[in-house]
Amino acid sequence: MKQEWIQKAYEIAVERYAAVGVDVEKALRELQKVSISLHCWQADDVTGFENTAGQLTGGIQTTGNHPGKARNIDELRQDILKATSYIPARHRLNLHATYGDFGDQVVDRDQIEPAHFRSWMEWAKENHMYLDFNSTSFSHPKSGSLTLAHPDDEIRNFWIEHTKRSRAIAEAMGQFQGDPCIMNIWVHDGSKDQTVNRLRYRELLKQSLDEIFDTKYEHMKDCIEAKLFGIGLESYTVGSYDFYLGYGAKYGKMVTLDTGHFHLTESVADKISCLLLYTPEIMLHVSRPIRWDSDHVTTMNDDTLDLAKEIVRSNALDRVHFGLDYFDASINRIGAYVVGTRATQKCVLQALLEPIAQLRAYEANDRLFERLALLEEAKGLPWNAVWDMFCLRNNVPVGEEYIAEIRKYETEVTLKRK
């Protein structure tokens, strides 16, 4: 009976959207093609699989102690597959360099190789998933407050080598999976208090990046991620947005926009049209900042809606890549994946269902009241009936059905982990 209700509601929604010039089936076809890169670090609180004991550093903090986090590579893979079984469409997995299949070996970061990620490539292929990758500069004895911008040649060269090897791993992943692996570089480099050497550190970071990018690859794509400030590095960030925007525009690199890495009053959505003019593509890390970069689970809020709408309005779904970046240890971790990914998809769907042709016609003819009125009325159009049909067609739980299923998995699996 529920399927019958979904069908009836969908048919009404199709008619209602047609009245404002929107092709619902076309929107669903476009949404089906949007792959979101799930972040592996939500499942284990950014622990990774290096066989070394240590705490999170470099401004990285995970708060909460909900039981049942993944303790090893098998449990993490199991949890990710469980999460994706509740998310419509086909998605990607984003790995940090600390998540290699190292077995019992201790492998330092400047020694990682594609072989350490071979089992990930095979696992991803078996489960119809593509991989993305990140270098990992934090939580290491040599990370401190500076890595690629460190004035000490030995330390800086260590991180240059690590990042070079990370790019080689990304290249191997892209070649193996037949789809480019997106490789993200983020370093926490900065200063807790005032510095008088701003230019010097940025010169070093640029030199490091120039050396890292000197090797050209065909099966991976580079992106560089900025940040406003880091915990413990509040006064100065070497890799600021201005720095990476300039570097990306000059050298044709993707710039990563993390929605938690800017001042809370800044509009990340407004940056989309600017970057599209000067950089080849854009990478997004979507999270929900509360009191800045708190990495809360993404929800269907105004900021994420505005971001999705700006991308669709710019006709840029083929140039903008969606990834998630949050880690909440205070709630069920599989549930956090599902809520955040489905919320992002819902925002993209609403953007695809916007009566953009009519809105543009109003704007072109200076009919600004009509534009504002239609924007407001569009908020009440039955997008949720379209979303339910999208879930039904993808054979995943509709509505709140997944809550009980995740709770069952928690009872039967994750709560039994010591």
Exercise. Evaluate the criterion ring-ring contact (aromatic ring centres under 6.0 Å, His included) for residue pair His219 and Phe176; output intermediate values, then yes/no.
Key: CA-CA 9 Å; His219 303 96; Phe176 182 89; over 10 Å; no

Quiz item: What's the verdict on side chain to side chain donor-acceptor pair (under 3.5 Å) for Gln42 and Asp325, showing C-alpha distance, side-chain angles and the deciding distance?
Solution: CA-CA 8 Å; Gln42 166 59 42; Asp325 187 2; over 6 Å; no

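Sorted by first and then second residue, the salt bridge (charged side-chain N to carboxylate O under 4.0 Å, His left out) pairs involving residues 146-155 (not counting sequence neighbours) are Lys142-Glu154, Asp153-Arg156. Within the structure, salt bridge (charged side-chain N to carboxylate O under 4.0 Å, His left out) contacts touching residues 374-384 (residues at least two apart or in different chains) are Glu376-Lys379. For residues 329-358, the salt bridge (charged side-chain N to carboxylate O under 4.0 Å, His left out) pairs, not counting sequence neighbours, are Asp45-Arg333, Arg313-Glu354. Within the structure, the salt bridge (charged side-chain N to carboxylate O under 4.0 Å, His left out) test picks out the following pairs touching residues 242-266 (sequence neighbours left out): Asp222-Lys253, Glu266-Lys271. Applying the ring-ring contact (aromatic ring centres under 6.0 Å, His included) test to every pair with at least one member in residues 286-309, sequence neighbours left out, gives these pairs: Phe229-Trp292.
When atom types are taken as modelled, the side chain of Glu401 and the backbone of Val398 share a donor-acceptor pair closer than 3.5 angstrom. In this structure, the side chain of Asp388 does not engage the main chain of Ile6 through any donor-acceptor pair within 3.5 Å. At distances below 3.5 Å, not a single donor-acceptor pair connects side-chain atoms of Gln358 with backbone N or O atoms of Gly21. With Thr47 contributing its side chain and Asp44 its backbone, the two residues share a donor-acceptor pair below 3.5 Å. Judged purely by atom type and a 3.5 angstrom limit, Gln345 uses its side chain to pair as donor or acceptor with the backbone of Pro88. Looking only at distances, no side-chain donor or acceptor of Thr237 sits under 3.5 Å from a matching main-chain atom of Gly239. A donor-acceptor pair under 3.5 Å links the side-chain atoms of Asn332 to the main chain of Ile334, judged by distance alone. Thr195 places no side-chain N or O within donor-acceptor distance of the main-chain N or O of Ser191, the cut-off being under 3.5 Å. Checking side-chain atoms of Asp79 against main-chain N and O of Ala43 turns up no donor-acceptor pair under 3.5 Å. Put simply, the side chain of Asn72 gets close to the backbone of Glu75: a donor and an acceptor are under 3.5 Å apart.
A cation-pi arrangement is present between Arg393 and Tyr10 under the rule of less than 6.0 angstrom and at most 45 degrees off the ring axis. Taking the centre and axis of the six-membered ring of Trp120, the NZ or CZ atom of Arg77 falls inside the cone set by 45° and 6.0 Å.
Leu148 has its side chain out of reach of Leu204: every pair of non-hydrogen atoms, C-beta onward, lies at least 4.5 Å apart. Contact of the Phe322 side chain with the Val348 side chain is registered, since non-hydrogen atoms from C-beta on lie closer than 4.5 Å. Contact check for Val396 versus Ile87: no side-chain heavy atoms found under the 4.5 Å cut-off. Within the 4.5 Å cutoff, the side chain of Tyr409 has heavy atoms near those of the Gln78 side chain. Residues Ser85 and Glu405 form no side-chain contact, since every pair of their non-hydrogen atoms from C-beta on lies 4.5 Å or further apart. Side-chain contact check for Gln7 versus Met389: some heavy-atom pair is nearer than 4.5 Å. Residues His188 and Ser145 are not in side-chain contact: their nearest non-hydrogen atoms beyond the backbone lie 4.5 Å or more apart. Side-chain contact between Leu257 and Ile272 is present, with at least one heavy-atom pair separated by less than 4.5 Å.
Within 6.0 Å of the CG atom in Asp318, the count of heavy atoms belonging to other residues, nucleotides or ligands exceeds 12. More than 12 heavy atoms of other residues, nucleotides or ligands sit less than 6.0 Å from atom OH of Tyr251.
Qualifying side-chain hydrogen bond (donor to acceptor under 3.5 Å, both in side chains) partners for Ser37, counting only residues two or more places apart in sequence or in other chains: Asp132. With sequence neighbours excluded, the residues satisfying ring pair (Phe, Tyr, Trp, His ring centres under 6.0 Å) with Phe390 are Trp387. With sequence neighbours excluded, no residue forms a side-chain hydrogen bond (donor to acceptor under 3.5 Å, both in side chains) with Arg90. With sequence neighbours excluded, the residues satisfying side-chain contact (heavy atoms from CB on, under 4.5 Å) with Ala97 are Ile112, Phe133, Thr136, His162, Ser166. The side-chain hydrogen bond (donor to acceptor under 3.5 Å, both in side chains) test applied to Ser330 returns Asp328, not counting sequence neighbours. Legend: residues meeting ring pair (Phe, Tyr, Trp, His ring centres under 6.0 Å) with Tyr244, ordered by chain and number and at least two apart, are absent.
Here the CG atom belonging to Asn94 is positioned 9.0 Å from the CG atom belonging to Leu38, to the nearest 0.5 angstrom. Expressed to the nearest 0.5 Å, how far CZ of Arg288 lies from OG1 of Thr299 amounts to 4.5 Å. Taken to the nearest 0.5 Å, the NE2 atom of His91 stands 13.5 Å off from the CD1 atom of Ile80.
Relative orientation of the Phe102 and Phe117 rings is perpendicular, given thresholds of 30° and 60° on the angle between their planes. Ring geometry, Tyr241 versus Phe262: the interplanar angle exceeds 60°, so the pair is classed perpendicular (tilted spans 30 to 60°). Note: Tyr99 and Phe49 have perpendicular aromatic rings, judged against thresholds of 30 and 60 degrees for the angle between ring planes. Below 30°, between 30° and 60°, or above 60°: for Trp186 and His261 the angle between ring planes is between 30° and 60°, a tilted geometry.
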Side-chain donor-acceptor contacts of residues 280-287 below 3.5 Å, not counting sequence neighbours, with atom names and distances?
unit_1	atom_1	unit_2	atom_2	d
Glu281	OE1	Lys221	NZ	3.1
Glu281	OE1	His321	NE2	2.6
Glu281	OE2	Lys221	NZ	3.1

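A salt bridge links Arg92 and Asp179; the closest N-O separation between the charged side-chain nitrogens and carboxylate oxygens is under 4.0 Å. A salt bridge between Glu50 and Arg109 is present, with a side-chain N of the basic residue lying under 4.0 Å from a carboxylate O of the acidic one. Taking 4.0 Å as the cut-off between side-chain N and carboxylate O, Glu171 and Arg167 do not count as a salt-bridged pair. Using a cutoff of 4.0 Å between basic side-chain nitrogens and carboxylate oxygens, Glu30 and Lys26 are not scored as salt-bridged.
Residues Asp108 and His140 have side chains that bring a donor and an acceptor to within less than 3.5 angstrom of each other. In this structure, a donor-acceptor pair under 3.5 Å is absent between the side chains of Asp293 and Tyr326. In summary, the side chains of Tyr201 and Lys206 do not present any donor paired with an acceptor at a separation below 3.5 Å, with no hydrogens or angles considered. Residues Lys416 and Thr411 bring no donor and acceptor atom of their side chains to less than 3.5 Å of each other. Side-chain contact annotation: Asn134 with Glu225, donor-acceptor N/O pair under 3.5 Å absent. Inspection of the Glu410 and His66 side chains reveals an N or O donor paired with an N or O acceptor under 3.5 Å.
When ring centroids are compared, His96 and Trp41 come within the 6.0 Å threshold.
Among all heavy-atom pairs drawn from Asn394 and Gln32, the shortest one is OD1-NE2, 2.9 Å.
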